[in-house]
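Note sheet for the following structure.
The sequence lines fix the lettering, A, B, ..., with proteins before strands; numbering per chain opens at 1.
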Protein chains: 2
Amino acid sequence: MKIVPRTKMRDQVAQQIKEYILTNQLAPGDRLPTESQLAESFGISRLSVREATKALEFLGIVESKTGVGLTVGRIDMDRIVEHLGFHSGLMDVDPEQLIDSRVILETGVLPYVAQRIANDPMIESGLRELIDRFRATRELKTWIALDIEFHRSLLEASGLQPIVAFGDLLHVFFRRFRDSVKQGGWKQGIESHARLVDLLAAGNVAKATIELRNHIESHKERMPPRSRRS
Amino acid sequence: MKIVPRTKMRDQVAQQIKEYILTNQLAPGDRLPTESQLAESFGISRLSVREATKALEFLGIVESKTGVGLTVGRIDMDRIVEHLGFHSGLMDVDPEQLIDSRVILETGVLPYVAQRIANDPMIESGLRELIDRFRATRELKTWIALDIEFHRSLLEASGLQPIVAFGDLLHVFFRRFRDSVKQGGWKQGIESHARLVDLLAAGNVAKATIELRNHIESHKERMPPRSRRS
DNA sequence: GAGGAGTGATTGTCAGATAATCTTACCGAT
DNA sequence: ATCGGTAAGATTATCTGACAATCACTCCTC
């Protein structure tokens with residue numbers, strides 16, 4: 001009788017590979033042992049090692065190139081977000097929570113954005129250029145793309161990488177509702193964005209916060225037909 | 001010369017499996033074709049299918065049970081966070097950005113927390129119980145654990161699932177510096193937490209925000225020995 | 001009718017082999 | 001002597017076939 005590996009073999013292997021990287025202080029690009037060496041050192045077949053490495057490669061933790069070997073992967077948030085986004089159709093997050101979370105992130109960065117605008121005029125001109133492109137467009141499709149880009153640029157303007165990553169993640173969940181948002185305020189949105197940048201450039205963070213919060217929360221009214229929560 | 005399969009076989013397979021789930025509108029728990037069936041329908045060997053499914057399983061998109069088959073997986077944010085957290089040792093995020101991001105998340109939820117405290121006394125008592133345990137402990141190790149739990153409970157008290165998930169993610173990045181934080185204010189931290197709950201219970205969000213911001217930012221002074229940025 | 005043994009289906013793991021691709025070193029031509 | 005190409009070695013990519021482990025279900029027995 002064996003208390004056996006409740007955890008599957010490949011998970012253990014994946015864990016060991018990760019620990020190997022950590023204990024040896026490997027940096028992205030560094031080489032890992034070959035599949036055969038790993039298999040031998042772990043005392044398992046090469047196939048199990050492969051399944052583990054393939055899974056890790058899928059996550060971007062390692063990279064494998066034919067004829068070269070395994071290397072430690074570079075961070076690749078996009079890849080994670082892509083796969084996570086797949087779940088957006090499956091997981092039911094309360095739409096209102098998504099909006100509230102967005103409010104927290106975007107209004108939270110405003111003080112930092114205002115400060116960086118004061119020190120670097122390029123940031124303001126970048127945002128204003130986006131608004132000009134807003135006013136030029138007539139197509140709904142491009143308008144949506146610009147809207148996404150604007151809000152992302154806002155987060156980027158804070159210089160806080162983690163927040164930008166969180167924003168990307170949130171956005172993926174939002175895609176699910178994108179259709180229901182389209183009928184909403186259009187020109188209204190443009191002017192709101194413009195006012196926001198004006199207020200930020202003037203250093204009026206308090207009013208900018210109110211402006212942005214109203215802008216985002218205006219989505220609440222026209223988003224959830226109903227939420228089917230258990 | 002062939003422009004041919006730039007993308008590796010298993011990535012194509014993984015993509016096709018994901019599309020299969022989408023086009024057939026499968027919900028978590030629904031069964032997928034067997035590995036053999038997938039292999040045959042894709043015209044490849046079962047092993048390649050396996051590598052794809054194993055990778056997807058690693059991400060939590062599918063689940064496989066011996067003797068049963070493949071089923072569509074349920075969302076598992078913890079799993080993603082676990083693997084993402086691994087990158088924290090590799091990617092060098094500016095410690096100051098981590099702190100700023102924390103400030104945004106935790107102060108951002110305070111209005112929601114205050115509102116929920118007003119409606120549900122259980123939330124306040126939960127936080128106060130944590131503080132009591134703070135005062136009872138003498139060990140640094142448990143103190144750190146409690147500190148983590150307190151800040152997580154704060155985010156949870158907002159009822160915003162996405163923000164809690166982001167907080168978990170941030171926390172993983174923080175682990176790297178945990179050692180350097182330990183010498184910092186100890187009793188000081190307890191009292192700060194206590195004051196925070198008092199202010200929230202009184203509905204004074206503005207002062208609570210200031211209290212929390214100061215508390216978190218106090219870490220800045222004793223965190224970064226140096227950052228080796230390229 | 002209920003419970004247990006058996007059977008089939010499916011995944012888990014292994015071994016071995018061949019193809020594709022990259023690195024490196026060697027060798028020849030200029 | 002230097003440059004370029006080619007061949008050999010190394011390593012991953014993929015396939016074939018097989019056997020073990022586990023689970024669901026049926027059927028048989030009591």
Side-chain angles (χ1 to χ4, degrees), chain A residues 1-18 20-21 24 26 28-74 76, chain B residues 1-18 20-21 24 26 28-74 79:
Chain A
M1 154 175 166
K2 37 184 181 181
I3 312 292
V4 264
R6 227 55 195 136
T7 63
K8 305 219 166 73
M9 176 79 72
R10 58 176 174 282
D11 286 333
Q12 295 182 31
V13 176
Q15 190 59 34
Q16 289 193 69
I17 292 177
K18 292 206 291 185
Y20 177 90
I21 296 177
N24 293 65
L26 298 185
D30 287 354
R31 292 200 47 177
L32 268 62
T34 68
E35 292 181 348
S36 304
Q37 289 170 340
L38 287 173
E40 189 179 358
S41 73
F42 292 156
I44 58 177
S45 82
R46 192 182 145 221
L47 184 61
S48 293
V49 173
R50 259 189 87 70
E51 291 188 348
T53 57
K54 293 307 145 256
L56 291 177
E57 185 183 5
F58 222 70
L59 286 168
I61 290 178
V62 305
E63 289 178 6
S64 74
K65 271 182 282 192
T66 310
V68 179
L70 298 169
T71 56
V72 178
R74 293 181 163 73
D76 189 357
Chain B
M1 151 179 167
K2 40 183 178 180
I3 312 292
V4 258
R6 227 53 193 139
T7 62
K8 304 216 166 67
M9 177 74 75
R10 57 173 175 283
D11 287 332
Q12 297 182 32
V13 176
Q15 189 61 34
Q16 290 193 67
I17 292 177
K18 292 205 293 184
Y20 177 90
I21 297 176
N24 293 66
L26 297 185
D30 288 353
R31 292 201 46 176
L32 267 62
T34 69
E35 292 182 349
S36 305
Q37 289 170 340
L38 288 174
E40 189 179 1
S41 72
F42 293 156
I44 57 178
S45 84
R46 188 185 146 214
L47 191 60
S48 292
V49 173
R50 262 188 85 71
E51 291 189 348
T53 57
K54 290 316 131 208
L56 290 176
E57 185 182 5
F58 225 69
L59 286 168
I61 291 180
V62 304
E63 288 178 6
S64 72
K65 272 181 282 191
T66 310
V68 179
L70 298 170
T71 56
V72 178
R74 294 181 163 74
R79 180 173 282 263

Once you round it to whole Å, what is the distance between P of D:dT11 and CG of A:Leu38? 12 Å
Using side-chain hydrogen bond (donor to acceptor under 3.5 Å, both in side chains) as the criterion, list what pairs up with B:Glu35, not counting sequence neighbours. B:Arg46, B:Arg50
Candidate nucleotides C:dT11, D:dA24, D:dC15, ranked by approach to the side chain of B:Ile44 - the nearest: D:dC15
Taking atom types as they are modelled, is there a donor-acceptor pair under 3.5 Å from the base of C:dG12 to the side chain of B:Arg46? yes
Looking only at the side chain of A:Thr66 (C-beta and beyond, no hydrogens), which of the listed nucleotides D:dT14, C:dT11, C:dA20 gets closest? C:dA20
With a 4.0 Å cut-off on N to O distance, would you call B:Glu51 and B:Lys54 a salt bridge? no
Length of the CZ-C1' vector between B:Arg31 and D:dC23, whole Å: 11 Å
Between D:dC15 and B:Ser48, is there an OP1 or OP2 to side-chain N/O distance shorter than 4.0 Å? yes
CG (B:Leu32) and OG1 (B:Thr53) are apart, to the nearest 0.5 Å, by 9.5 Å
Round to the nearest Å and state the distance from A:Glu51 atom CD to C:dT11 atom C1'. 10 Å
Hey, what bend do you get for the helix from C:dG1-D:dC30 to C:dT30-D:dA1 if you fit axes on five pairs at each end, rounded to 10°? 10°
Heavy-atom nearest nucleotide on DNA chain C taken for A:Ser45 and for B:Pro33; more 5' hit belongs to B:Pro33
Under 4.0 angstrom between B:Arg50 side-chain N/O and C:dT11 OP1 or OP2: no
Can you see if the side chain of A:Lys65 gets near the phosphate of C:dT23 - specifically, an N or O under 4.0 Å from OP1 or OP2? no
Taking D:dA13, D:dC15, C:dT10 as options, the one with an atom nearest any side-chain atom of B:Thr34 is C:dT10
N or O in side chain of A:Ser64 less than 4.0 angstrom from D:dT11 OP1/OP2: no
Nucleotide C:dG16, atom C1' - distance to CD of A:Glu35 in whole Å: 15 Å
The test is side-chain contact (heavy atoms from CB on, under 4.5 Å); show your working for B:Thr71 and B:Asp30 and say whether it passes. CA-CA 5 Å; B:Thr71 56; B:Asp30 288 353; over 6 Å; no
First of A:Leu47 and A:Leu32 reached from the 5' end of DNA chain D, by closest nucleotide: A:Leu32
How many whole angstroms separate atom CG of B:Leu70 from atom C1' of C:dG12? 12 Å
Just by distance, do the side chain of A:Ser48 and the backbone of A:Ile44 share a donor-acceptor pair under 3.5 Å? no
Any A:Phe58 side-chain heavy atom under 4.5 Å of B:Leu56 side chain: yes
side-chain contact (heavy atoms from CB on, under 4.5 Å) partners of B:Gln37, counting only residues at least two apart: B:Pro33, B:Thr34
